[in-house]
Protein chains: 2
Amino acid sequence: MSAIDANIPAAAAPTGKAETILAAAQRTFLASGFGAASMDAIAREAGASKATVYAYFASKEELFGAVVARESERYAEGFSAGELDSADVEASLAIIANRFLRLLLSPDVIAINRIIVGEVTRFPALAEVFWQAGPERIRVQVEGFLRRAAETGALDIADFRLAAGQFASLVRGEIHQRTLFGLGTPDAATLSAAAGNAVATFLKAFGAKL
Amino acid sequence: MSAIDANIPAAAAPTGKAETILAAAQRTFLASGFGAASMDAIAREAGASKATVYAYFASKEELFGAVVARESERYAEGFSAGELDSADVEASLAIIANRFLRLLLSPDVIAINRIIVGEVTRFPALAEVFWQAGPERIRVQVEGFLRRAAETGALDIADFRLAAGQFASLVRGEIHQRTLFGLGTPDAATLSAAAGNAVATFLKAFGAKL
DNA sequence: GTCTATAATTGGATAGAC
DNA sequence: GTCTATCCAATTATAGAC
């Protein structure tokens, strides 16, 4: 695996019936959204009857919650910045930016992002689950790297928390919004360029002056 | 009106029945989302019968499209950067950042943003309408200001389009995502601080070195 | 636990009177 | 154009057999 792969862990193969149903629900919800996904479709996708689905999950809402919790957990699971070389800041930031962007733009993450934003009025608690499992964990990783890198003298940062957020914002940039809106899927070159531009601007702002 | 007000034009008071229905549909869709808003509720909100609603709009989808188009049009209508003083770059950027952030975080814009993201699979065309009317128009305004400001020698920018996008990303920052996810509403002080932080970092990256 | 069949409700859309 | 009343399809949820 290349260093800039998104490194999203594959979902565990479903073992019991509950897992099968959960996996089917996940595919259906992520593909259609909460409202457009029917329990009929989920049962069909799982190769089970609706009654069986209801034997494991009391309602559509509960099933949805279980899917979101499960998928959120996977979100940032494979995202780390701990092993990166804090001496070579530019290269390490480029790796982080590429990983982050590939994770953010991966179809599953885009899909769950869309659905949570769309249903936040009906399911406010799920957004919190997603936030803690995803964006927050990533920000912590980035902040940790920035602190280590600053110790080598390569970065000049006063507020690490703020800087980590700004780095993430620069990396997300326009391309994340555009993908969320379904306006084209960037190819690998576009994506690497976006990551590079974000790192370049971040270093112009926070790179230590010689 | 203070210089940093979001300056969102109020919707025109509804005149005919069609306008009344459109306005009612807007309130209902923005409050509940597409799926959860029923034609019954919209008719009730408009003080009309469902049959009347269908006399003006052939289907729920068409009505939704009309609402999104109308609301998108209002989005960036009141956002301008044309009158700002390109000599005082920092102050002008602060004004832009504050206007932009207040616009982005206003309840109506957040609501329509959520609903478009949530329904992008079902209504891909609406996202394009929204993008052109909103984010794109704002980026153009920002890019125009950066070009004028660069002529005074206060900014050192190679790619204006990119820089405008990065400025917008820095301003949006974490706070926009958090608000979209319904995780708290920032007060005025938080908001001004966020705008200030974005401008400061942008100028560290692109301010002309003395 | 799992299925088939069905109840109960909701919600999009329309017919027909005025 | 507007209303009341209604149709019909879809969907959530469950009863009852095995």
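Residue numbering restarts at 1 for every chain, and letters A, B, ... go by the order of the sequence lines.
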Whole Å only: how far is the CZ atom of B:Arg44 from the C1' atom of C:dT10? 12 Å

Figure out the CZ/C1' separation between A:Phe57 and D:dT14, and round it to whole Å. 18 Å

Has the side chain of A:Thr190 got a donor or acceptor atom that lies under 3.5 Å from a matching backbone atom of A:Pro186? no

Taking only the side-chain nitrogens and oxygens of B:Thr52, find out if one of them lies under 4.0 Å from OP1 or OP2 of D:dT2. no

Along DNA chain C (nearest heavy atom to each residue), the more 5'-positioned of B:Ala51 and B:Lys60: B:Lys60

Is a salt bridge present between B:Arg137 and B:Glu77, judged by a nitrogen-to-oxygen distance below 4.0 Å? no

Is it the case that C:dG11 (base atoms only) and B:Lys50 (side chain only) share a donor and an acceptor within less than 3.5 Å, ignoring hydrogens and angles? no

What is the distance from CD of B:Glu61 to C1' of C:dG12, rounded to the nearest Å? 9 Å

Within 45° cone and under 6.0 Å: B:Lys17 NZ/CZ vs B:Tyr56 ring: no

Between B:Phe64 (CZ) and C:dG12 (P), how many Å, whole number? 13 Å

Around A:Glu90, counting heavy atoms of other residues, nucleotides and ligands shown, do more than 12 lie under 6.0 Å from its CD? no

Check every strand shown and say whether B:Ala37 touches a base, only sugar-phosphate, or nothing at a heavy-atom separation below 4.0 Å. sugar-phosphate

Nearest of C:dT2, D:dT14, C:dA13 to any side-chain atom of A:Ser49? C:dT2

What is the distance, to the nearest angstrom, from the CG atom on A:Asp40 to the P atom on D:dA10? 11 Å

Can we say A:Arg114 and A:Glu119 salt-bridge, meaning some charged N sits less than 4.0 Å from an Asp/Glu carboxylate O? no

Rounded to the Å, how far apart are A:Ile21 CD1 and C:dT2 C1'? 10 Å

Between D:dA13 and A:Tyr54, is there an OP1 or OP2 to side-chain N/O distance shorter than 4.0 Å? yes

B:Tyr56 side chain, from C-beta outward: closest of C:dT2, D:dG1, D:dA13: D:dG1

Whole angstrom is fine here: how far is it from CD in A:Glu62 over to P in D:dA13? 10 Å

